[in-house]
Amino acid sequence: MNELLNQEKSIYLQICEMIETDILRGILLEEERVPSTNELAKQYTINPATAAKGINILVDMGILYKKRGIGMFVASGAKDAIKTARKKTFKEKYAVPLVREARGLGISRQEIVSMIESIMEV
C-alpha cells in the first residue's frame, strides 16, 4: 500500500480500493492482518476516522473481519469476492458503454473482438 492518494475520489474509498488491490495482487493474503487505522492514518497523513471508514466498508462487504484486541484480518474467500465484484463493475463501467459506442459507430462484434485481442497481445 504505497500508492498515492489523489483528489479524484474520497480518501476513504481510495483506502478501501488500495486494500482490495493488495489482496488481489497477493500482497495481503487471506487470514493475514491488514494495517490498522492508525498505521494507515500515519502513512497517508489522514484522520484515523477516514481510514476507519474505508476499512469498515470492507468489513461490511465481508472482505475483512476483526479479531478483538489484535486487529483486522483478510477474510477467507476475500480475493474471489473482490474479483467477482470488480468484474461486475468492469462490465457496467467499461464493457456496456464500449458495446453501445460500437453499435453507434457500426462496428461489428468481430471487429470489437479483433480490437480487444490485438490490445491483449501487447
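Keep in mind that what you see is a predicted model, and the values were worked out from it rather than measured. No hydrogens, no waters, no symmetry mates; every other heavy atom, side chains included, goes into these values.
In this structure the side chain of Lys9 reaches within 4.5 angstrom of the side chain of Gln14, judged on heavy atoms. Residues Asp22 and Ile19 form no side-chain contact, since every pair of their non-hydrogen atoms from C-beta on lies 4.5 Å or further apart. Looking at Gln110 and Ser114, their side chains come closer than 4.5 Å, going by heavy atoms from C-beta outward. You'll find the side chain of Leu29 stays beyond 4.5 Å of the side chain of Val74, heavy atoms only. Looking at Met18 and Tyr44, their side chains come closer than 4.5 Å, going by heavy atoms from C-beta outward. Taking the side chain as every heavy atom from C-beta outward, Lys42 and Asn38 never approach each other to under 4.5 Å. Using a 4.5 Å cut-off on side-chain heavy atoms (C-beta onward), Leu24 and Lys83 make contact. Counting only heavy atoms from C-beta outward, the side chains of Ile57 and Leu13 approach each other to under 4.5 Å.
Salt-bridge annotation for Lys79 and Glu20: absent, with no side-chain N of the basic residue lying under 4.0 Å from a carboxylate O of the acidic one.
To the nearest 0.5 Å, the span separating SG on Cys16 from NZ on Lys53 amounts to 11.5 Å. We find the CG-CD1 distance between Leu40 and Ile46 to be 6.5 Å, quoted to the nearest 0.5 Å. Atom CZ of Phe73 and atom NZ of Lys67 lie 4.5 Å apart (nearest 0.5 Å). Taking CG of Leu98 as the reference point, atom CE of Met115 lies at 8.5 Å (rounded to 0.5 Å). Between the CG atom of Leu58 and the CD atom of Glu17 there is a distance of 9.5 Å, given to the nearest 0.5 Å. For the atom pair OG of Ser36 and CD1 of Ile55, the computed distance is 7.0 Å after rounding to the nearest 0.5 Å.
Criterion: ILVMFWY side-chain heavy atoms under 4.5 Å apart, direct or through other members. Under it, Leu105 and Ile116 are part of a common hydrophobic cluster. Both Val59 and Val34 are assigned to one and the same hydrophobic cluster, defined by single-linkage of ILVMFWY side chains at heavy-atom distances under 4.5 Å. Under the 4.5 Å side-chain contact rule for hydrophobic residues, Ile112 and Met120 share a cluster.
Using modelled atom types, one side-chain atom of Thr84 and one backbone atom of Asp80 make a donor-acceptor pair closer than 3.5 Å.
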Exercise for the section: Could you go through the side chain to side chain contact (heavy atoms under 4.5 Å, CB included) check for Ile23 and Ile63 one step at a time? Expected result: CA-CA 9 Å; Ile23 293 168; Ile63 303 299; 3.7 Å; yes
Practice task
Please report the C-alpha distance between Arg86 and Thr21 in whole Å, then the side-chain angles of each, then the deciding distance to 0.1 Å, and finally whether the side chain to side chain contact (heavy atoms under 4.5 Å, CB included) criterion is met.
Solution key: CA-CA 10 Å; Arg86 286 202 176 176; Thr21 299; 3.1 Å; yes
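What you find for Gly106 and Glu111 is that their closest heavy atoms are O-OE1, 4.0 Å. Considering every non-hydrogen atom in both Ala51 and Ala41, the closest pair reads CB-N, 4.4 Å. A pairwise comparison of heavy atoms in Glu30 and Ser76 identifies OE1-CA, 3.7 Å as the closest pair. Pairing each heavy atom of Ala75 with each of Gly62, the nearest pair is CB-O, 3.3 Å.
Counting heavy atoms of neighbouring residues, nucleotides and ligands inside a 6.0 Å radius, atom CZ of Arg103 does not exceed 12 of them.
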